[in-house]
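To keep things clear, I will list the structure first and then write my remarks on it.
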Amino acid sequence: MGRTHFLGEFEELILTMALVLDADAYGNTIVKAIKEHQKREVNLSSVHITMYRLEEKGFLESYMGGATKERGGRKKRYFKITNAGKALLQEMKDARTNLWKLTPQLNFSYERG
Amino acid sequence: MKEANPPKIFKKLFQWYCNPRLEEAILGDLEEQFEEDNALYGSFRAKLRFAWNVIRFFRPGIIKSASGGKQLNYYGMFKHNLKIGWRTILRNKVDSIINIIGLSTGAAVCMVILMLYNYETSFDAHHENADRTYRVVQHTQRSDQELYWNTTAYPLAAVLRNDFPDFDQVTQVAGPMKRLFKLESETNSLVRFEEEHVLFADAHYPDVFDLEWIAGDKNSALEVPNGVVITEMIAKKCFSNNYSSSDVIGQILLLNNKEALTITGVVKNPPPTTTLKFNMLISYEFFKKHNPYYSSNWSGNYRGTTFVVLKDQKSELEIESKINKWKGNYLNEDDNKQISYWLQPIKEIHTETMYGSAPMSYQIDKNTLDISIMVAFFILLIAIVNFINLVTARATLRSKEVGIRKTIGSSKSNLIFQFLFENSLVVLISLGVVLLLSYQLVLVLNESLSIINMKLGFQLNEIMLILAICFMLIIISSIYPAFVLSSFKPIDALNYKNASKGRKGFFFRKGLTFLQFTLVQVFVIAALIVGIQINYFNSKSPGFSSDQIVMIPVPSHDKIEVMRNQLLESGNMNGVTFASGPPMSINNFSLGTNCWLPHQEKLDAFNAEMKIADPGYLQLFDLELIAGRNFTDNKPQFDEFIINEKLAESFGWNPQEALGQTIHINEGDAKVIGILKDFHNHSFQYEVTPVVMMNWSAWQWQASIKIASYESLIQIEEIWKSQFPESIFSYTFLDDAIAKEYVLEHLIFNGFKLLSVLVIIIGCLGLFGLMSFIILQKTKEIGIRKVLGASVNQIIKTLSKEFSIIILIGFIVATPIVYYFMNMWLNDFTYRVDLSPWIFVTGGMITFLLGIGLTTIKSLKAARSNPIESLNYE
C-alpha cells in the first residue's frame with residue numbers, strides 16, 4: 001500500500017493506548033495508562049484534543065456512557081478504535097520493523113503482542 | 001476525606017469558552033481527576049491541577065468554534081431585523097415620514113443655532129495673545145449719567161507704554177475711517193476707490209494682533225511714516241488677480257488725491273469673526289502728522305482705540321487701579337474727576353453691549369445668545385419628545401407581533417435590540433436629512449446676513465461633536481419605546497387586550513404631549529408679541545418725513561452754494577439741504593457736545609446731540625417749530641441755535657422761556673432762536689435725546705435732496721461729478737438707511753417666526769400621531785357609541801374632551817413663562833408695546849383651535865366609520 005500519511009508520535013501513542021484499553025478508553029484512563037506503562041506524564045487536554053483529531057480522521061469512534069458521582073453526574077466519552085485504525089497501526093509497525101532490519105549493529109527488535 | 005470542590009472561577013471560565021458538544025465529557029474528566037487528586041494529594045494540589053488543566057484546555061479544538069454555531073445566528077438575525085425594520089418603515093409611510101421630518105428639522109435647527117452661537121462667541125479669539133489682550137475703555141461720570149466709551153484719547157497709548165512695565169505690548173489705532181484712494185502707476189489703468197475700513201495703526205499693531213503676511217516685513221511695514229499695508233482684497237482690486245508681491249510693494253497710493261502713501265506690505269484678509277475689521281492699515285504716524293490737535297488732546301474722544309497685552313493675565317484689576325491713580329498726571333482737573341479707565345478683554349467686545357461694538361462693527365448681546373441656546377435645546381427636546389411619542393404609540397400596535405415572537409422563543413434582549421435597530425434606521429435616515437437641511441440653512445443664512453458679513457462655515461470638530469450629541473440623545477430616546485414594547489406579556493398581546501395594556505405607558509405619553517403643547521403655546525404667544533412689537537416699530541412715525549430723499553456726500557464745503565443753485569435750477573428737485581446728517585442718526589454716527597448755561601460750570605454740563613443744518617433743513621424733513629423761527633442763512637461760523645423740546649426741558653424752560661436764552665457748547669455759544677417739536681433723533685430702540693442745531697457751513701458734509709423722479713438721480717450725479725471730478729459718487733436713500741437700523745430686530749423677528757412655525761408643526765405632528773393611536777384604541781368604544789345612537793358630532797366631542805384639558809392646563813402653565821421672558825426682551829426697547837392680557841388669550845385661542853381642528857380632522861374618519869366593521873374586529 002502506498003500510504004502517504006502516517007500519524008505523529010503522540011497520535012500513534014494515543015491510538016495504541018485505545019487499542020490496549022479496548023472498552024475502557026477515555027480521557028483519564030489513557031492518561032493513567034500512559035503514566036503507568038510509559039512512565040510519561042501527559043496532560044489531559046493533549047489527550048482529548050488528539051483523540052478528537054483521530055476521530056475526525058476516522059481512526060477512532062466515540063460513544064457516551066457511564067456517569068458517576070465523582071464526575072458530578074456527567075457521562076464519559078469512550079473511544080474505540082476502528083478497523084481503519086487497527087490497520088494503520090499494523091502498517092506503521094510493519095514499516096518500522098522493516099526499517100530496523102536494515103540497521104547494522106542493533107540486531108534485535110522488541111515485539112509486543 | 002475532605003470535601004472539596006474544584007475552583008468555581010476556573011470551572012465557570014471553562015464552561016464559558018468550551019464547545020458545548022465537548023463540554024460534558026471533558027468537565028466530567030476534569031472533575032474525576034480532581035476527586036482522585038484530592039484523595040491522594042489534598043485539596044490544594046487538586047485545585048491547582050484543575051486550574052492548570054483549564055488553562056491548558058484553552059486551545060483551538062476545544063473552544064467554541066467561530067465558524068458555525070452562534071456566529072451564523074447573529075448574522076442571520078441582523079439580516080432579518082434589517083428586512084423587517086425596512087418593511088415596517090415602508091408599511092407606515094405616513095408615520096415614518098412624520099417622524100423623520102420632525103426629528104430632522106428639530107435637530108438641524110438646533111445644530112445651526114449651535115453653530116451660530118459658536119461663531120458669535122468666537123470673535124477675536126483667534127489671536128495668539130487673545131487671552132491677555134484688552135481694550136482700554138473709558139467711563140465718564142457726568143452730572144446726570146455715566147457714559148461708556150470704547151474709544152479713548154489718543155495720547156493714552158504712548159503714555160501707557162512708557163510709564164507701565166506691566167504691559168507686554170500697547171498699540172494705538174485710529175478708525176476705521178472712510179478714505180478716498182487713487183492708484184498712481186504708469187503701467188496700470190486708473191484705479192480709484194473709496195475704502196470704508198481704513199485703520200491707522202502704530203508699529204506695535206502686528207505684535208498685538210495676528211496678521212498673515214503675504215509680502216512685506218512685519219517689523220518695519222508700519223514704521224515707515226507714509227507706509228500702508230493692504231489686504232489681499234485691495235491688492236486684487238488694484239493690481240488684478242494675479243498680482244505678484246514685487247509688483248505691489250513700493251507702489252504709491254494717493255490718499256484724498258493729495259497725500260502719497262507707499263505700500264509696504266500685503267496681508268491676508270482678516271477673518272469675518274473680528275470686531276476690528278480693516279482693509280488697509282496706514283501708519284499711525286501719518287495720522288498724527290495730519291491731525292495734531294486730535295492726537296495730542298486728552299479731553300477729546302475721537303475714534304481712537306487703545307489695546308494692551310498684559311504680561312500676567314491675573315493682574316487685570318491691579319493694573320486698572322494703578323492706571324486710575326496715575327491718570328491725574330496727564331488729565332486736567334475737570335477731566336480727572338469724571339474720566340476713569342478700565343480694561344475690557346477683547347474676546348468680550350462682540351457680546352458686551354455696555355461699551356458698544358468697535359466702530360463699524362455689529363454686536364450681539366450675550367443674553368440674546370444665551371436665550372438662543374436655550375431655544376435650540378427646547379426645539380431638540382420637542383423633536384425628541386415627538387419621536388418617543390410616535391414610536392411608542394405605533395409600536396403598541398405591533399403587540400401581536402411581539403407576542404408571537406416571544407412565543408417562538410425570542411428573549412427580552414432580542415426584542416429590545418430589534419426595536420432599537422428599527423429606530424436606529426429611522427435615526428440614520430434622519431441624520432442624512434439633518435446634514436442636508438443644515439447645509440441649506442447655512443447657505444441661506446450666509447446669503448441673508450451678508451450685511452453683517454456672516455460667514456458660517458462647517459468646522460469639522462463642531463460637526464462631529466454636534467452630530468455625536470444628537471445621535472446619542474436620539475438613541476437614548478429609542479430605549480424607552482424598546483423597553484415598553486418588550487415588556488408585553490405574550491398572552492395579553494395575543495388576546496388583543498391592549499386597550500388596558502396601554503395604560504402604563506399611556507400616562508407617560510400623555511405627559512409628553514402635554515409638554516409639547518405647552519411649548520407650542522409658549523412659542524405661539526411669544527411670536528404674537530414679537531410680531532406686535534415689530535409692527536409697532538414699522539408703523540410708528542419718526543417725527544419727520546423720509547420718503548423720496550436721497551443723501552449724497554459733499555467732499556468740500558466751499559462748493560455748497562454752487563451746488564445748491566445748480567440743483568434747484570434743474571427743476572427736478574423738491575428741496576435741497578446741506579447738513580451733517582438726517583434727523584435720525586444712522587450708522588451709529590452722531591455728533592455730540594456738552595451744553596451748559598452761562599452761569600454754570602462746564603463741569604455741570606450735560607451731553608446733547610449736535611446737528612448741523614441749513615435754512616432748508618426744517619422744510620425738507622417736515623420738522624415742526626413750536627416756537628421761534630428758522631435759520632435765515634448759512635454761515636461759516638454759527639451764531640444761532642435751534643433746540644428741541646427735550647433740550648429746553650433739560651434746562652427747565654417751557655418753549656417760550658427758551659427763546660433768546662444763551663447756551664454754551666464745546667464749540668462756542670449762541671442764542672436760541674427756535675424750538676422744535678421732539679422728533680426721533682435715534683432709532684426707536686433708544687430715547688429722544690436733547691438736540692442743538694446750528695447753521696455752520698464748515699460741517700455740512702452731506703446733502704439731502706428730495707427728488708421728484710428717477711431722472712433726478714441722474715442729474716444729481718452729473719452736477720456732483722462736475723463739482724468733484726476727483727471723488728467717487730455714491731448715494732443712499734434715507735428710507736433704506738433708516739430700515740437698516742432695524743435689521744437686527746427684523747432678523748430676530750423673522751428667525752423667531754420661523755422657529756415658532758417649526759415648533760407648531762412639530763407639536764401638531766405629535767398631536768396627530770397620538771390621536772391616531774388613541775382612536776385606534778377606542779375603535780370598539782366608538783362603534784358601541786354609534787350603535788347606541790351617538791351622532792358624529794358627539795363622538796368628535798368625546799374624543800376632543802381629553803385634549804382640551806391638556807391644552808387648557810398647558811395655557812395656564814405657559815402664560816407666566818412667556819410673560820417673564822417677553823417682558824425681559826421688551827424692556828430693552830424704549831418704545832414698546834404693553835403686554836395686555838388679550839394677547840395671551842388670543843395666543844391661547846389660536847393653539848386651542850389648532851388642537852381642536854387637528855383632533856376633529858382625525859376623529860372625523862373614525863366617527864363616520866361603520867360600527868359593524870369596528871365591532872367585528874377580531
Side-chain angles (χ1 to χ4, degrees), chain A residues 7-11 13-15 17-18 21 23-81, chain B residues 1-70:
Chain A
L7 293 181
E9 177 270 328
F10 195 69
E11 285 175 317
L13 173 64
I14 301 292
L15 199 53
M17 275 302 153
L21 295 172
D24 197 22
Y26 70 97
N28 285 339
T29 51
I30 294 187
V31 168
K32 277 194 218 126
I34 294 181
K35 174 113 185 269
E36 192 190 317
H37 297 297
Q38 299 270 20
K39 308 273 185 294
R40 179 175 167 178
E41 301 256 9
V42 293
N43 188 272
L44 188 61
S45 58
S46 333
V47 170
H48 269 268
I49 200 83
T50 315
M51 292 203 290
Y52 301 144
R53 231 181 271 144
L54 288 169
E55 187 182 8
E56 262 173 54
K57 290 182 184 173
F59 303 134
L60 286 178
E61 56 189 8
S62 68
Y63 57 95
M64 305 295 287
T68 68
K69 192 177 119 211
E70 286 79 17
R71 298 171 66 85
R74 296 189 177 83
K75 295 208 198 75
K76 305 175 194 174
R77 188 180 282 273
Y78 288 107
F79 290 88
K80 192 161 122 128
I81 191 167
Chain B
M1 216 68 53
K2 261 218 302 214
E3 266 304 317
N5 282 320
K8 273 211 188 80
I9 305 178
F10 284 93
K11 188 167 164 188
K12 278 226 168 74
L13 176 65
F14 179 76
Q15 282 170 315
W16 170 70
Y17 74 65
C18 183
N19 188 336
R21 190 174 75 88
L22 307 170
E23 189 190 317
E24 187 185 351
I26 301 180
L27 197 52
D29 279 359
L30 286 173
E31 284 202 10
E32 191 180 318
Q33 189 169 77
F34 175 81
E35 291 295 330
E36 285 176 15
D37 288 343
N38 190 22
L40 283 175
Y41 305 114
S43 73
F44 180 69
R45 270 200 60 174
K47 286 188 182 169
L48 206 60
R49 184 101 168 250
F50 188 89
W52 175 239
N53 277 336
V54 168
I55 295 176
R56 284 296 302 266
F57 260 103
F58 191 73
R59 47 196 297 178
I62 309 280
I63 304 177
K64 287 178 184 171
S65 50
S67 58
K70 287 261 173 96

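Chain letters run A, B, ... following the sequence lines, proteins first and then strands; every chain starts at 1.
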Check this for me: B:Ile9, atom CD1, are more than 12 non-hydrogen atoms of other residues, nucleotides or ligands nearer than 6.0 Å? no

Side-chain touch A:Leu44/B:Phe57, heavy atoms, less than 4.5 angstrom: yes

Under 3.5 Å, what donor-acceptor pairs does chain B form with chain A?
residue : atom : partner : partner atom : Å
B:Arg21 : O    : A:Arg77 : NH2          : 3.3
B:Glu24 : OE2  : A:Lys75 : N            : 3.0
B:Ala25 : O    : A:Arg71 : NH2          : 3.1
B:Asp29 : O    : A:Asn28 : ND2          : 3.1
B:Asp29 : OD1  : A:Arg71 : NH1          : 2.6
B:Asp29 : OD1  : A:Arg71 : NH2          : 3.1
B:Asp29 : OD2  : A:His48 : NE2          : 2.7
B:Glu31 : OE1  : A:Arg74 : NH1          : 3.4
B:Glu31 : OE2  : A:Arg74 : NH1          : 2.9
B:Glu32 : OE1  : A:Tyr26 : OH           : 3.2
B:Glu32 : OE1  : A:Arg71 : NH1          : 2.8
B:Glu32 : OE2  : A:Tyr26 : OH           : 2.5
B:Glu36 : OE1  : A:Lys32 : NZ           : 3.4
B:Glu36 : OE2  : A:Lys32 : NZ           : 2.9
B:Asn53 : OD1  : A:Asn43 : ND2          : 3.1

